[in-house]
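Structure, as structure tokens:
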2 protein chains.
Amino acid sequence: MTLSEEKIIYDERIMKLAVFSKALSHPARIKILQYMEKNSCCYVGDIVKFIPLAQSTISQHIKELKTSGLINSFQESQKTKYCINWSNWQYAKALFNNIFR
Amino acid sequence: MTLSEEKIIYDERIMKLAVFSKALSHPARIKILQYMEKNSCCYVGDIVKFIPLAQSTISQHIKELKTSGLINSFQESQKTKYCINWSNWQYAKALFNNIFR
DNA sequence: TACATTTATCGTAATTTTGCGATTAAAACA
DNA sequence: TGTTTTAATCGCAAAATTACGATAAATGTA
């Protein structure tokens, strides 16, 4: 990044795979996803009870999962419900299947 | 890590999945793996020609892939040959398949 | 023997990640 | 209305990641 000052361009699918992989690269985030898969959705409080990390830390991990596109959120008055984003989930599945072909 | 000073213990499969995901969480490393998959193996120099990053940076990425267990290395006099570690590759495939079930 | 090739490693800087406690904001409830 | 519940965000510190150039070590070649 010194000589050219240009960022390398990677193709779209590689970037998506990197983003999904990064989402999965922390064990707490894997546990959160597993919980959501099993229970279809969750609230932040469920995960706080499930994983021994501070509420703010759990919130941050969930935010990252959301940024990756693997989950989305629905406002339910005072609570926020988080669920797997199944279309991106399928996309991720396809990308991982493709590389581990 | 302040109150308890104890690290959370995650189960073995979750940790492995996190490690494999981290390996895949950088686009350059994905490209390296794709190159190796196609060409069965590679030398550092091949990747330096393939991806516009400094040789030291490529070396670092390859080292990380090796640490993750997804690749291994064989010394060939002055060159080092890197190849996919197929048994761990299969293991990774199974873990990703399992979570994206 | 001198030089070239190949890769690893060191030192460094910039950025990102991880984790926490404290605080805030909004809705629900008594 | 005051209190509780739920979750987001801020500020901060420690650690890890990413990238580079410089250098070193080992082998091959002229």
Side-chain angles (χ1 to χ4, degrees), chain A residues 1-10 14-15 18-32 35-36 41-68 71-83, chain B residues 1-10 14-15 18-32 35-36 41-68 71-83:
Chain A
M1 227 85 72
T2 309
L3 269 174
S4 64
E5 206 58 45
E6 278 184 60
K7 267 220 178 166
I8 300 175
I9 306 298
Y10 295 99
I14 287 181
M15 283 311 296
V19 165
F20 292 142
S21 297
K22 197 169 188 177
L24 287 162
S25 73
H26 193 289
R29 292 195 291 267
I30 295 176
K31 287 201 81 176
I32 295 169
Y35 184 99
M36 283 194 197
C41 290
C42 78
Y43 301 104
V44 171
D46 299 332
I47 307 299
V48 172
K49 277 180 258 163
F50 183 53
I51 303 173
L53 285 172
Q55 179 265 316
S56 57
T57 306
I58 300 287
S59 237
Q60 237 181 292
H61 280 307
I62 289 180
K63 190 182 184 181
E64 276 181 80
L65 287 173
K66 204 188 155 186
T67 302
S68 80
I71 68 174
N72 45 33
S73 65
F74 305 95
Q75 206 57 41
E76 271 190 1
S77 60
Q78 88 279 37
K79 290 180 167 192
T80 313
K81 191 178 197 173
Y82 290 96
C83 307
Chain B
M1 226 84 72
T2 310
L3 270 175
S4 65
E5 206 58 48
E6 277 183 60
K7 268 225 177 158
I8 301 175
I9 305 298
Y10 295 100
I14 287 181
M15 284 311 298
V19 165
F20 292 143
S21 296
K22 196 168 190 179
L24 286 163
S25 74
H26 193 290
R29 290 194 292 266
I30 295 176
K31 289 202 78 175
I32 294 169
Y35 185 98
M36 282 194 198
C41 291
C42 78
Y43 301 103
V44 170
D46 298 333
I47 307 299
V48 172
K49 275 180 259 165
F50 183 53
I51 303 173
L53 285 172
Q55 178 264 315
S56 57
T57 306
I58 300 287
S59 236
Q60 239 181 289
H61 281 306
I62 289 180
K63 190 183 182 179
E64 276 182 79
L65 288 174
K66 204 189 155 187
T67 302
S68 80
I71 67 174
N72 46 33
S73 66
F74 305 94
Q75 206 57 40
E76 273 189 0
S77 62
Q78 89 278 38
K79 291 180 168 191
T80 313
K81 192 178 197 173
Y82 290 97
C83 305

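Any value given below was found using the heavy atoms of this structure, including those in side chains, with hydrogens, waters and symmetry copies removed.
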### Query
Between CE of M36(B) and NZ of K31(B), what distance do you get to the nearest 0.5 Å?
14.0 Å
### Message
How close do H26(A) and Y10(B) get, counting heavy atoms only, and between which atoms?
### Response
CE1-OH, 4.2 Å
### Message
What is the separation between atom NE2 on H61(A) and atom P on dT18(C), rounded to the nearest whole Å?
### Response
6 Å
### Query
What is the minimum heavy-atom distance between V48(B) and I58(B), and which atoms define it?
CG2-CG1, 4.0 Å
### Task
Write down the distance between NZ (K7(B)) and P (dT18(C)), rounded to a whole number of angstrom.
12 Å
### Message
Using whole Å, what does the distance between atom P of nucleotide dT5(D) and atom NZ of K79(A) come to?
### Response
12 Å
### Message
Can you tell me if the gamma sulfurs of C83(A) and C42(A) sit closer than 2.5 Å?
### Response
no
### Message
Strictly below 4.0 Å: does Y82(A) bring a side-chain N or O up to OP1 or OP2 of dT6(D)?
### Response
no
### Message
Less than 6.0 angstrom from the centroid, inside 45 degrees of the normal: does K66(A) satisfy that with respect to the ring of Y82(A)?
### Response
no
### Message
What contact category does L53(A) fall into here, base, sugar-phosphate, or nothing, at under 4.0 angstrom with non-hydrogen atoms?
### Response
sugar-phosphate
### Query
Rounded to whole angstroms, how far apart are CD1 on I47(A) and P on dA7(D)?
10 Å
### Query
Between atom NE2 in H26(B) and atom P in dT16(C), what is the gap in whole Å?
12 Å
### Query
Using a cut-off of less than 4.0 Å, is there contact between a side-chain N or O of T57(A) and OP1 or OP2 of dC20(C)?
yes
### Check: A18(B) main-chain N/O paired with R29(A) side-chain donor or acceptor under 3.5 Å
no
#### Entry: Nearest atoms (heavy-atom pairs only) where I71(B) meets I62(B)
CD1-O, 3.6 Å
Show the distances under 3.5 angstrom between N or O atoms of the protein and N or O atoms of nucleotides 2-4 of chain D.
none

### Message
Categorize E64(B) for me: base, sugar-phosphate, or nothing, with a 4.0 angstrom heavy-atom threshold over every strand shown.
### Response
sugar-phosphate
### First of R29(A) and Y43(B) reached from the 5' end of DNA chain C, by closest nucleotide
Y43(B)
### Message
How many whole angstroms separate atom CD1 of I58(B) from atom C1' of dT7(C)?
### Response
12 Å
#### Entry: Check: S56(A) main-chain N/O paired with S59(A) side-chain donor or acceptor under 3.5 Å
no
### Query
Can you give one letter per nucleotide of nucleotides 22-30 of chain D, going 5' to 3': B for a protein heavy atom under 4.0 Å from the base, S for sugar-phosphate only, - for none?
B----SS--
### Query
Starting at the 5' end of DNA chain D and moving along, which residue's nearest nucleotide shows up first, S59(A) or K22(A)?
S59(A)
### Summary
Minimal heavy-atom distance between P52(B) and I8(A), with the atoms involved, is O-CD1, 3.4 Å
## Note on the structure
Whole-Å distance, Q75(A) CD to dA26(C) C1', equals 9 Å
### Message
In whole Å, I'd like the distance from the NZ atom of K63(A) to the P atom of dT18(C).
### Response
14 Å
